[in-house]
Engineer: 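Below is a structure I'd like to ask you about.
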2 protein chains.
Amino acid sequence: MSNINEIAKLAGVSRATVSRVINSKGYVKEETRQKVQKVVDDLDYTPNQNAIYLKNGETKTIGLVSPDFSDILSHFLSSFATIAKKYGYQVTLLLTDYHQESEIEAFQKLKQKQIDGIFQIVRSNEWEVIEKYSKYGPIVTWQRVTSPKIESVFMDHYEGFKLGLDHLYEKGHREIVPFFGIEKSLNTVARYKAWQDFCQEKGVALQAEKSRYNLHTSTEGRELARWWEAEKEKPTALLFPTDNVAVGFLAEARERGISVPKDVAVVGFDNSSIAELFNLTTIDYPMHLQAENAFFKLYNQLKHKNLPLHPLSFKLITRGTT
Amino acid sequence: MSNINEIAKLAGVSRATVSRVINSKGYVKEETRQKVQKVVDDLDYTPNQNAIYLKNGETKTIGLVSPDFSDILSHFLSSFATIAKKYGYQVTLLLTDYHQESEIEAFQKLKQKQIDGIFQIVRSNEWEVIEKYSKYGPIVTWQRVTSPKIESVFMDHYEGFKLGLDHLYEKGHREIVPFFGIEKSLNTVARYKAWQDFCQEKGVALQAEKSRYNLHTSTEGRELARWWEAEKEKPTALLFPTDNVAVGFLAEARERGISVPKDVAVVGFDNSSIAELFNLTTIDYPMHLQAENAFFKLYNQLKHKNLPLHPLSFKLITRGTT
DNA sequence: TTGTATGCGTTATCAG
DNA sequence: CTGATAACGCATACAA
């Protein structure tokens, strides 16, 4: 279509001047600036990004590698993309569908100069395979990893879950049942371990048969309220995998006349905005800051800067449901 | 890093020859081919895609524009990406989060030569705004649209839903309750209209209060089984928004000793693979073919070809649940 | 304040 | 079968 040459010719200036106008860089007399701008507007000209990428040797784009559309991804992405944009970067989603080859393809984009860095939610290939790509650009992951080449923004959910359990114990509860999200995820494993250790430490019985996995929606939370009501030996406190599930429970409980926390105490997880609306005691999980840190780590490597990172820790937010 | 020049120097040949080896194009003596290949392997060389894109004037990439991660998107994407790959195209996901400006940014990529064409699930901007971008590359959409510039693979769900309702009527059912997916979606509106028209045509009562919206998961299907069981005036037939929801109903029904289709007839929607496993009567919704058509339409415009399109129509698949 | 010249890394045409 | 050379569209150092 139209290129910088054409604009230059029509405006009666050199390509360099057109470039200066487009990028508002360097000195341009206001008069010529307007002249050039008019031609740009008239021809509806937009620079060819591939030429710019090639010239600059960077794409100002970060690849976000994930095996699928998860709930985490969607939250993470929005925080990550926002902070990235603030620093002039775009984010492109690279879905692998749990295929190792697709993941390799994503990393190849780093090598092929299509993206400047990668943030990886969950890996499919071995770390040794992934590590090799770090020489083509920075790689940061959400998972726990001990590699000098790959940085991480991992948070140990063991700590967070423990916070909730201890809080309920202090409130006098001895019949605590926790629920979990994705069964095989490392975070669920860590949370489960916290439960195990808690039971052993406090000498209370771990009633595994009452717990459940793969809970995500508020609809499922509602269902749990019906389950609790029907249960003969009712637990006195429940610890939910997300605020979302917890508020489903609260909504159904309210409709059924179950009194929280009198009949049963409820603790959520995430401290999402809905938690406050339901006056829900929850564990603050600073995913937003985690996403910012992830970007900062990439940016620091890319631009040899030293932007400070947010300190990350789980926090108990005590509200009215305990 | 290493570029084609370096390879050429080390292999003692010209850039042109290296290019021929890399792309297996043109004549190269086997001996020199091997010599070059060795250097390529040794240096772990990969061509810079931006240079290739610039040179070729195309990226062999289609942008898939969607406002969010929907269930539809995930299914559509996998079919679409598969057929695209077969023709040498990649697919990149462009999420707009329902923001008009984000959608514009996605279309800008067409203008900036970052993608060759666009498939759009659901628009946020007016068609007049979107149309303007069609001069930079082909645009195909999943929605209904009458524009000479934008092609569509729209299917009217009215037809499909009608098929299910008529089938149940023929089987003698007069107490039919349909359920729906996303409340405001155009497809839901079309399905609802089919229900209205059906009731009027057959002279049966439309019991809107028994129906429900926003049903997606099999867990929600299970819940509907419990609802049905508790209901005093039980409908004799149910029409579900997706097979997924329907099989949840079937699973729960089985556990509760509800007999299908004796106690209640069940019809799904989509004819997904799970439908066959549950011997579920359903409406075949050829999304896979729709995705292929979407790509073919883009490809035909891009390459001035004339690949034939699949004929698209809803089909009733009668199985054991009616 | 503006223009000239050069290079980013690749492919394709044309000669040899 | 191979190499020199000219694009692709842009940004920038340097000169003017």
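Remember, it's a predicted structure, so these values are computed and weren't measured experimentally. Protein chains get the first letters and strands the later ones, always in sequence-line order, with residue 1 at the start of each.
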Engineer: Side chain of B:Arg20: nearest nucleotide among D:dT2, D:dA13, C:dG7?
Structural biologist: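 Comparing D:dT2, D:dA13, C:dG7 against the side chain of B:Arg20, the answer is D:dT2.
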
Engineer: Would you please confirm or rule out a distance under 4.0 Å between OP1 or OP2 of C:dG9 and any side-chain N or O of B:Asn3?
Structural biologist: yes

Engineer: What class does the angle between the rings of A:Phe69 and B:Phe69 fall in, given that below 30° is parallel, 30 to 60° is tilted and above 60° is perpendicular?
Structural biologist: parallel

Engineer: Before accepting this row, confirm whether a basic side-chain N of the pair B:Glu30/B:Arg33 lies closer than 4.0 Å to the acidic partner's carboxylate O.
Structural biologist: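 Salt bridge present between B:Glu30 and B:Arg33.
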
Engineer: State yes or no: are the ring centers of A:Phe76 and A:His288 separated by less than 6.0 Å?
Structural biologist: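 Centroid separation for A:Phe76 and A:His288: 6.0 Å or greater.
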
Engineer: Classify the side chain of B:Lys55 versus the base of C:dT11 as yes if they form a donor-acceptor pair under 3.5 Å and no if they do not.
Structural biologist: yes

Engineer: Return the angle between end axes of the helix from C:dT1-D:dA16 to C:dG16-D:dC1, with five pairs used per end and rounding to 10°.
Structural biologist: 40°

Engineer: Assign each of B:Asn56 and B:Arg15 to its nearest nucleotide of DNA chain D by heavy atoms, then name whichever residue's nucleotide is nearer the 5' end.
Structural biologist: B:Arg15

Engineer: Could you check whether any side-chain heavy atom of A:Phe295 comes within less than 4.5 Å of a side-chain heavy atom of A:Leu307, counting everything from C-beta outward?
Structural biologist: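 Not touching, per the 4.5 Å side-chain cut-off.
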
Engineer: The side chain of B:Lys29 lies closest to which of these nucleotides: C:dT2, D:dC1, C:dC8?
Structural biologist: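 The answer is D:dC1, which lies nearest to the side chain.
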
Engineer: Any chance you could measure B:Leu94, atom CG, to B:Ile62, atom CD1, to the nearest 0.5 Å?
Structural biologist: 11.0 Å

Engineer: When you check the phosphate oxygens OP1 and OP2 of C:dT10, does a side-chain N or O of B:Tyr45 lie under 4.0 Å from one of them?
Structural biologist: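 The answer is yes; a side-chain N or O of B:Tyr45 sits under 4.0 Å from OP1 or OP2.
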
Engineer: May I ask you to evaluate whether A:Thr32 reaches the phosphate of C:dT1, defined as a side-chain N or O under 4.0 Å from OP1 or OP2?
Structural biologist: no

Engineer: Donor-acceptor pair under 3.5 Å: do we get one between B:Lys25's side chain and the base of C:dA12?
Structural biologist: no

